[in-house]
Amino acid sequence: MSRQDFFVLAPYLAIAGGVVLMLLLVSFWRSVRVMVTMTVLVMLVTLGLVVANIDNPPHLVSGFLLIDGYAALFNIMFVIAAIVTALLAYGYMRGRSGEPEEFYLLLVVATLGAMTMAAAHHFAAVLLGLEILSISLYVLIGYSEEGHPPLEAALKYLVLSGVASTTMLFGMALIYNATGTLVFSELGQSEFSLPRDELYYVAGHGLLFAGIAFKLSLVPFHMWTPDVYQGAPAPVTGYLATVSKGAVFAFVLRYALITDVLEIPVVSTVLLMFAVLSMLGGNLLALMQNNVKRLLAYSSIAHIGYLLIGLLAVAVLADGLIAVEASLIYLAGYFLMTLAAFGVVSVLSSASEEVDAEHIDAFVGLFWRKPLCAVIMTTALLSLTGIPLTVGFVAKFYMLATGAEGGMWLLLWTLVIGSAIAVYYYMRVIFTMVRPGGDAGYAHSSPRVEGMAVLVVIGISLIGFGVYPSPLIDFVRSLIGITGG
Amino acid sequence: MEVVLFYIAASIALITSILVITRTTASHALIYLIVSLLAIAVIFYLLGAPFAAALEVVIYAGAIMVLFLFVVMMLNLGPSQVAQERRWLEPRMWVGPSILTLILFFEMVYILAGTPALTSGVAVSAKEVGERLFTTYLLGVELAGFLLLAALVGSYHLGRRYMRARREEIG
């Protein structure tokens, strides 16, 4: 490793060093407050180093990690999501029995895994990053020591996610068998330089994408999503919906950009099917949900379906970077609105109840009882719907424009129909919050300062980037290397 | 010939893996799992990866499985359990695994006696593996460390719940 390698790896070294420091700290001095502070500090240092390295040219570290603007953008999103989760979890874990210190340690390790996936340029890095993320998530999902819903969710996720990882690993092995390399850039050239066994190559990608579809919870592979989202503690659900999916998407998008995987007819057809089914299935299944966490789970399935339009556009458009720009702006918006929605659920959840404030009845009259929470929830839901003046609108508009440019009409019509269906169930939650009454046995916790502060910041950015999106757009464009207007 | 050796080892691996998931007692299943791992080690050797084969035996079949077996045995205490365990481990039980292990053993002797019969034609020495691990895959090794750390901290946390419940039961 050269000095340059260490230089560009600084964010990774910072977060890894932070993990070791926190591990030592928790062995000698158990204090939740210290652990939360340490988490936020480590994350801020990492964020600072990512931003400081932004202007460096792309650098490949021993063929393993490609540190470039693309990875930096994902890393910024992951780190911000981790800070939000840590602050929300502080309030959430209070009053719940058990030792909450390891929660933050695992949160930081999980973020390291996600950051590895964002920069992965080698299948081994993908697998290691994915497993670091998944193993931390199994425990985070089942973290609470009381009640069995979290444990049930953790067990479901453990078994199904383990099978999906194995499927992906077997797919990677078959791809290696067909091409003789695990490095993405070599896979991109392999059709010219290496003899390629078509059968193994296609079968390998079939298995790989089956595993990916599970991790992204695309429709034929979505069964686990509502149960796990419902059972997990609310802050973890927000993290699961954003970082875990974002990391897998980061890998798929980079893989599609570097190699010609989308030119395999089977893969692109299957992805098209996944996208259509997810957009329709996610929205239709959410219609009759009375549980807000499950509703948001189904809505996240639909949103990943929208996101796939950007992935598929990479192969269709002449300039793939435009599709990448649309996907990244969509993902950034999705991160903000999903974190806000699950954040409100987690600040409302009381430690005295076995389940979170997740039933729709818990939201009756929220506007009159907790106006700030209700306003943030409304903003998040409007943004998820894609109402103008929110970041959700900008994101969806970008996706529509990209799809239209590529002439992907089937996907665009599905997006329009799906969004129309979605209006109903998002509005239902908003109307429930306006309806007077409530207090029917739902002991809401009084939201804590740091949790509310972080939610207010996200709420403002949802509106802010919706009204004036050009800073976000310019930032994304500069990072992925699109110059000029 | 090496293809025949491969098929013998592979079928032993498959048969024992199926036996692992169909056994009703944990200790029987674990014994078959050890045989399955030994068969996979032979396949690694045939592929030209003696180092991976050695690790498979030392770490999986050796350390991890013996640990499993110890835990399974230690969970059942008391005279009635001892009698039950004796019943589980009667000689008849050892016939199946022993025959399969003997086949693998003869295969290994055959490979070691003759010219190394390799399906791939290239043998990767331990030195080459080590070199790769400290250069190209250095980051991978470091990341694997964090993977194990996450698993360790996680299992500590999840295990604590039952440790406490058990302590309350006893005291």
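Naming: A, B, ... by sequence-line order, numbering from 1 per chain.
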- request: Using non-hydrogen atoms and a 4.5 Å limit, figure out which bit of L149(B) sits close to chain A: side chain, backbone, both or neither.
  value: side chain
field: Plane angle bin for F123(A) and F184(A) - parallel if under 30°, tilted between 30 and 60°, otherwise perpendicular
entry: perpendicular
field: Interface moiety of L158(B) toward chain A, non-hydrogen atoms closer than 4.5 Å
entry: side chain
task: Measure L9(A) against the heavy atoms of chain B and call it side chain, backbone, both or neither at under 4.5 Å.
output: side chain
- prompt: So does R30(A) pair up with E102(A), basic N to acidic O under 4.0 Å?
  reply: yes
Interchain contact, L23(A) with chain B, by part (heavy-atom threshold 4.5 Å): side chain
message: Quick check against the 3.5 Å criterion: does Y12(A) have a side-chain atom that pairs as donor or acceptor with the backbone of M115(A)?
response: yes
query: Out of curiosity, I31(B) CD1 to W94(B) CH2, how far, rounded to the nearest 0.5 Å?
result: 3.5 Å
query: Do Y138(A) side-chain atoms and Y157(A) backbone N/O form a donor-acceptor pair below 3.5 Å?
result: no
Distance in Å, L55(B) CG paired with F44(B) CZ, rounded so as to fall on 0.5 Å steps: 9.5 Å
- request: Residue by residue, scan residues 61-68 of chain A and write down, ordered by number, those that have a heavy-atom distance under 4.5 Å to chain B; if none do, write 'none'.
  value: V61(A), S62(A), F64(A), L65(A)
- prompt: What residues of residues 158-166 of chain A sit under 4.5 Å from chain B when you count only heavy atoms?
  reply: none
